[in-house]
Amino acid sequence: MDFQIVSFIASGILVIIGLYGVFFVDNILKKIIALDILGNGVNLVLITIGYNGGTIPIKLPNVPVDVFAKKSAYPLTQALVLTNIVIEASMLAVMLGVSIILYKKYKTLKSSVILKED
Amino acid sequence: MDYDKFQKELNKDSHGDGITVGAVFAGEYTLYLLFIFGSIIIGRIYGKTLMTLFGLATLAFSLSVSPLIFKFKKENSNAINYQLFWLSIFLGAIAFCIYMTNFEFM
Amino acid sequence: MNYLPMIIIFPLIMAIIMNLLHGKENIVKYLTFLIAIILIILPFIGQYGYYYFGGFGVIDGWVSGIAYYYNPLKQVVLVVLAIIASLVLITGMGEKLKNNMFVTLSLMGFASVAAMVLADDLFNFYVFFEIISIVQVGLLFLSGTEEAYKSGLRYMIMGNIAASLMLLGIAFLLASTGTLNITDMKNYILSDNPMIFGGLLLLVVGLAYGSGLPPFHNVKVDLYARSKGFISAILQTYSKFILVGFMLIILKLFNGLSYFSGTHAVLLALGVLAMVFGVVMALLQSDYKKLLSYHAISQAGYVATGLALGTPLGIVAGIFHAINHVIYKSALFLGAYIVSHKKGSDLHKLGGLLPIMPSVAFMVLCAKLAISGVPPFNGFQSKWMLAQAAMQVNMPEIAIIMIIVSIGTFVSMMKAFYLIYLKPVDEETIKEYQSRGVPKLAVFSLFILTSLCIILGIYPEIVTKYLFSYANELGVSYCLK
């Protein structure tokens with residue numbers, strides 16, 4: 001089977017697992033893990049869009065732009081994914097930190113208890 | 001929809017003074033007016049009688065369960081489960097919108 | 001040489017420097033005053049037109065790199081943002097503890113919002129969209145209460161879902177056009193493609209999250225209501241200008257295309273629902289900060305409706321209302337901050353503050369009349385323009401809903417004014433009031449914002465004349481039958 005199609009199917013499964021986990025799992029750590037999976041699914045979509053079976057996208061000075069654009073993979077998506085990974089890591093770190101603080105107070109990880117109406 | 005009912009409900013949080021009850025009444029009527037004008041504009045733009053009837057049915061239903069405002073307040077709570085429920089409804093509405101739009105080549 | 005990127009680089013560098021100055025209160029104070037003055041100068045040193053960061057840009061017909069687009073409309077928005085940010089920074093220095101983290105995060109937020117308004121490529125836009133959500137949560141955590149942590153966690157869970165879906169939408173747009181530069185993308189987007197439509201609708205999820213339209217209004221309200229008063233002023237300013245920047249991008253890409261009409265209806269519905277939900281929830285509140293926060297959502301609905309109409313007048317009215325709204329809502333939040341110095345923010349425990357601080361009460365009353373749309377103030381001008389724009393496209397129902405929401409705003413604002421300033425109280429409470437001071441710098445900021453309200457109310461042309469040229473470029477005139 002085509003590599004790109006398999007990759008798209010895998011990313012779709014990851015996105016759906018992530019959304020399911022965020023919406024239906026009560027444990028707050030599992031919610032955060034599900035958010036990570038959702039983000040990774042989106043990253044995989046981006047990487048797959050940029051992949052066309054080409055070479056590593058490094059433009060050497062003696063290569064003309066149009067030859068480079070034909071032969072290499074699309075570098076923009078890779079840059080976007082790299083940035084997104086960094087941002088998401090910092091978001092998840094803050095969320096995990098806050099959940100530790102709240103766990104110390106409530107002694108439970110159920111989001112229906114910690115994050116109930118107040 | 002009488003004054004005493006509102007005051008009894010608001011007195012639970014000891015906020016039953018006249019100005020608060022008046023404000024809550026204003027909120028209740030604002031919601032009804034949203035339903036009325038919303039169903040008018042939807043019926044006028046899309047030209048479908050069924051949609052207008054559906055809007056009017058919503059209005060009739062909301063009148064039958066009055067006072068609506070306390071139920072509205074409960075749905076707007078900040079508990080995470082309510083939030084995620086309405087977010088999933090929103091995503092469903094967006095997906096429905098993608099499905100309903102008729103593209104020329106489809 | 002074009003100094004346009006300084007508006008993003010300067011606050012980021014100062015944020016890094018401020019981060020290192022923990023505990024050195026005097027340096028923090030004077031450096032913050034200096035930054036507050038420089039921020040106002042920054043929007044004036046750039047040149048209009050496209051700017052490609054680092055000299056990259058168009059190489060052999062291929063657009064690459066970070067691109068900004070600057071014009072008079074964006075300049076007006078950035079000037080207002082800079083004024084509010086510097087006033088809030090000055091107010092923050094009146095606190096007992098001169099907190100360097102507050103300055104750091106506010107400057108990062110300023111840089112992010114400026115970049116989002118200026119951005120001409122979706123990559124840059126998305127990066128700063130994520131930075132601003134972390135910054136907002138960080139500013140919320142500065143208040144240090146348990147409620148703040150809880151609502152911050154809620155905001156981040158909802159925000160992570162929305163931001164991931166928005167990135168998926170950007171991925172769809174990238175897949176079907178092959179570029180992220182907005183001016184370039186516009187050329188490829190004309191063909192009907194269900195993927196582009198899906199990407200557009202997923203962008204709307206990000207829009208609703210960034211600006212607090214339903215279904216994200218409750219988490220956003222918690223964010224405003226649980227931070228300190230002057231921090232809520234800057235937070236709601238960020239949200240409004242994120243809304244403006246985002247809508248400018250969506251309109252620039254899609255306005256006038258045949259498949260935009262479905263999204264058009266979605267955006268209008270989101271705006272109208274935000275207006276009504278915000279004001280109805282505000283009428284129910286008994287906490288002053290929460291009441292003001294729900295009004296911020298309601299007014300964001302006005303801005304979104306005006307921009308979503310998509311006509312030149314609608315765009316001008318929406319942006320003018322965003323500018324007016326950040327001015328008077330910041331004044332109201334600063335008023336709430338001054339009141340909370342006296343005694344909390346629970347409406348049913350306050351009262352009788354009019355003889356204690358008559359000048360503050362007068363300025364807050366001006367801001368309250370401005371938010372309700374009473375003539376000599378600026379809220380009237382932009383609400384009038386919004387109603388005119390709605391009538392122009394033959395949607396009188398939306399104009400009627402706007403007026404109804406205005407009435408609700410007036411009712412709840414007058415309720416809050418009565419309960420805080422006019423309601424009679426006993427002797428002990430008055431003695432308690434007199435024993436506590438008023439933050440002088442907050443009163444100074446409040447005075448400047450109130451005078452801006454009156455000036456813009458009498459001479460709206462000083463803002464609107466800059467808005468029309470770009471709005472004519474973006475807008476499409478149409479009329480419903």
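Sequence lines set the chain letters: A, B, ... in the order given, protein chains first and strands last, and positions in each chain run from 1.
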What I'd like to find out is whether the side chain of [X] reaches to under 4.5 Å of the side chain of [Y], using heavy atoms alone.
X	Y	value
A/Met95	C/Asn160	yes
A/Val98	C/Val137	no
A/Thr83	C/Tyr126	no
C/Leu168	A/Leu46	no
C/Leu165	A/Val42	no

Against chain A, label C/Ser151 side chain, backbone, both or neither, depending on which of its atoms sit under 4.5 Å from a heavy atom there.
neither
With a 4.5 angstrom heavy-atom cut-off, is it the side chain or the backbone of C/Ile131 that approaches chain A, or both, or neither?
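Contact with chain A involves no heavy atom of C/Ile131 at all.
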Nearest heavy-atom neighbours spanning [X] and [Y]:
X	Y	result
A/Leu38	C/Ile161	CD2-CA, 4.1 Å
C/Arg154	A/Lys116	NH2-O, 3.1 Å
A/Ser90	C/Ile134	OG-CD1, 3.5 Å

Quick check: are there more than 12 heavy atoms from other residues, nucleotides or ligands sitting under 6.0 Å from [atom1] of [X]?
X	atom1	result
C/Leu20	CG	yes
A/Tyr103	OH	no
C/Lys186	NZ	yes

Option in C/Leu153, C/Leu180, C/Ile170 with maximal non-hydrogen atom pairs under 4.5 Å from chain A:
C/Leu153
Non-hydrogen atoms of chain C under 4.5 Å away: do they reach the side chain of [X], the backbone, both or neither?
X	value
A/Leu115	both
A/Ala79	both
A/Leu102	side chain

Just verifying a value: how many Å separate [X] [atom1] and [Y] [atom2], rounded to the nearest 0.5 Å?
X	Y	atom1	atom2	answer
C/Phe141	A/Ile101	CZ	CD1	7.0 Å
A/Glu88	C/Ser164	CD	OG	5.0 Å
C/Lys150	A/Ile114	NZ	CD1	9.0 Å
A/Leu92	C/Met156	CG	CE	8.0 Å

Residue list, side chain to side chain contact (heavy atoms under 4.5 Å, CB included) with A/Ser11, at least two apart or on another chain:
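By the side chain to side chain contact (heavy atoms under 4.5 Å, CB included) rule, A/Ser11 matches A/Phe8, A/Leu44, A/Val45.
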Heavy-atom pairs under 4.5 Å with chain C, option from A/Asn84, A/Val94, A/Thr77 with the top count
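Greatest number of close heavy-atom pairs with chain C: A/Asn84.
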